[in-house]
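The next block holds one structure in the form of structure tokens; read it before the comments.
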Amino acid sequence: MSTQQSSRLSYLGEELKNLETRGLRVHARVLQAQQTPVTRFDGREVINLSSNNYLGLTTHPKLLAAAEKALKHWGAGTAAVRTITGTMSLHLELEEHIARFKHTEAAVVFQSGFTANAGTVSSVLGREDFIVSDELNHASIIDGARLSRATIKVFPHKDVAAAEAILRELKDQPGRKLLITDGVFSMDGDIAPLPELCDVAERYGAIMMVDDAHASGVLGKNGRGTVDHFGLHGRVDIQVGTLSKAIGVLGGYVAGCADLIEFLKLRARPFLFSTSHPPSVTASCQAAFEILEAEPERIERLWENTRYFQQGLAELGLSTGMSETPITPIMVGEGRRAMEFSNVLFDAGVLATGIAYPTVPEGKARLRTIVTATHTRQELSRALEIIGDVARRFALL
Ligand SMILES: *Cc1c(COP(=O)(O)O)cnc(C)c1O
């Protein structure tokens, strides 16, 4: 039995060997302590430059206290999907909180940012519709677009004129059109040209949607995201955010008009067919939103640290690509070289994950770093020193 199974799957072994020869058979580092600026992976204490814990909320005492209280009061899990018996008053309170925070009529929480995107795009559009999508949009948008069966039209990264040309061409098609972009692009750290995209969407009657996973808690007043950052309230129909990155816990949400949210609660498949968040998750997310408003200095420190670190890299002569946010790629080029660079850095005390094909295009491999609000100046300057030393050994400088 087992030999038969393994021979039927032997092509996977071939695939793994193929990845290995390209230096892409990589294993995730194992975190052996909390997700903090200096922590232990694989038995080694390192400066952690690879988490999405922008504001240091994963270990904030108020989140921990909220989780503990909810755990004791409500139990460990919900044992049902939202539409059966998995909606607790706690879930509705968080959704109301998010809607107020985002200045929208309503909001719905999903199990992850991934399911928020995929569930929304696939339920709002159908076979006869069109999705106009930036080429660097997140995988969850791409999967949602495929599941919708709509026709997908991809425009070159941030090329508003190209997006407009596609919409112009589709002008007389009866289907609905969705113009969709990441707010902050996850591998390059650049910001979408959202005001111009809104203009184009309005000109052609397209639905405008933004995935603010990396802008949630990072951009805009108190971390309200790109819509607030650009002053576009009321002009973006569908805003997706994540609770898994700066918010420090797990989940995703959609904020928009009441009809959109009610429709998603009736039709989005992850909402209907996958169990709702444990109470502890929901409660700690709500505590995180309270902290965004009560401790705005965290976001200020995040941006100060970002400026300091990026300036340090520039002074070393390293390219950080198109970054405009705390996501700071250090461009290397070839996939194998990026992975080796990352490994040597790790041995020297800095965790900066190598990212290669297929996550980024071939030849654009990089280290992807993110500084957080809770890194100290000493930690960042030590990291810069180590990065400089290793980059010289790799002849990147
Ligand atoms: C991380 C990310 C997601 C997924 O969010 P999760 O909450 O981790 O599932 C979606 N979109 C973008 C742009 C992301 O970077």
Side-chain angles (χ1 to χ4, degrees), residues 28 31 35 50-55 57-58 63 94-95 98 107-122 131 133-147 154 157-158 178-194 197 208-220 223 225-227 229 236 238-255 264 268-271 274-278 281-282 284-285 288-289 321-329 353 355 358-360 366 368-370 372:
L31 179 56
Q35 188 73 267
S50 288
S51 87
N52 297 315
N53 190 19
Y54 288 101
L55 303 174
L57 298 189
T58 59
L63 271 75
L94 175 61
E95 289 172 342
I98 292 173
V108 53
V109 169
F110 285 84
Q111 298 87 350
S112 69
F114 196 106
T115 54
N117 267 327
T120 299
V121 175
S122 61
I131 297 170
S133 175
D134 188 290
E135 65 179 340
L136 294 190
N137 277 348
H138 191 259
S140 53
I141 293 176
I142 298 168
D143 284 13
R146 288 178 183 156
L147 286 169
V154 173
H157 185 47
K158 289 173 58 165
L178 173 76
L179 181 54
I180 183 163
T181 184
D182 281 12
V184 171
F185 290 87
S186 54
M187 292 300 138
D188 292 280
D190 52 339
I191 303 174
L194 204 54
L197 289 173
M208 185 72 225
M209 174 165 170
V210 65
D211 171 8
D212 254 350
H214 280 285
S216 310
V218 174
L219 278 175
T226 49
V227 168
H229 171 75
V236 173
I238 307 176
Q239 295 184 59
V240 168
T242 183
L243 306 169
S244 323
K245 290 171 179 155
I247 298 300
V249 193
L250 174 71
Y253 59 86
V254 180
L264 291 176
R269 292 170 71 82
F271 192 88
S274 184
T275 296
S276 58
H277 271 163
V281 167
T282 306
S284 45
C285 286
F289 280 98
M322 306 184 273
S323 175
E324 307 171 77
T325 66
I327 298 175
T328 307
T353 309
I355 307 269
T359 310
V360 294
R366 65 198 63 183
R368 177 168 170 275
T369 66
I370 297 183
T372 71

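Bear in mind the structure is a predicted one, so any value in this text is a computation, not a measurement. Start at 1 with the first residue, then count along the sequence. We count ligands from 1, going down the list as the structure has it; atoms in each ligand are counted the same way.
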Exercise. Using only heavy-atom distances, determine whether the side chains of Ser133 and Asn137 contain a donor-acceptor pair under 3.5 Å.
Key: yes
Quiz item: Under the 3.5 angstrom rule, does the side chain of Asn53 hit a backbone N or O of Leu57 as a donor-acceptor pair?
Solution: yes
Quiz item: Between the side chain of Ser140 and the main-chain N/O of His138, is any donor-acceptor distance below 3.5 Å?
Solution: no
Practice problem: Check Thr359, Thr353, Asp188 against Arg366 for a side chain to side chain donor-acceptor pair (under 3.5 Å) and give me the one that passes. | Solution: Asp188
Quiz item: Thinking salt bridges, do Asp134 and Lys158 make one under a 4.0 Å N-O criterion?
Solution: no
Quiz item: Can you name the residues that come within less than 4.0 Å of ligand 1, going by heavy atoms only?
Solution: Ser112, Gly113, Phe114, Asn117, His138, Ser140, Asp182, Ser186, Asp211, Ala213, His214, Thr242, Ser244, Lys245, Gly251
Quiz item: How about His214 and Phe185: are their ring centroids closer than 6.0 Å?
Solution: no
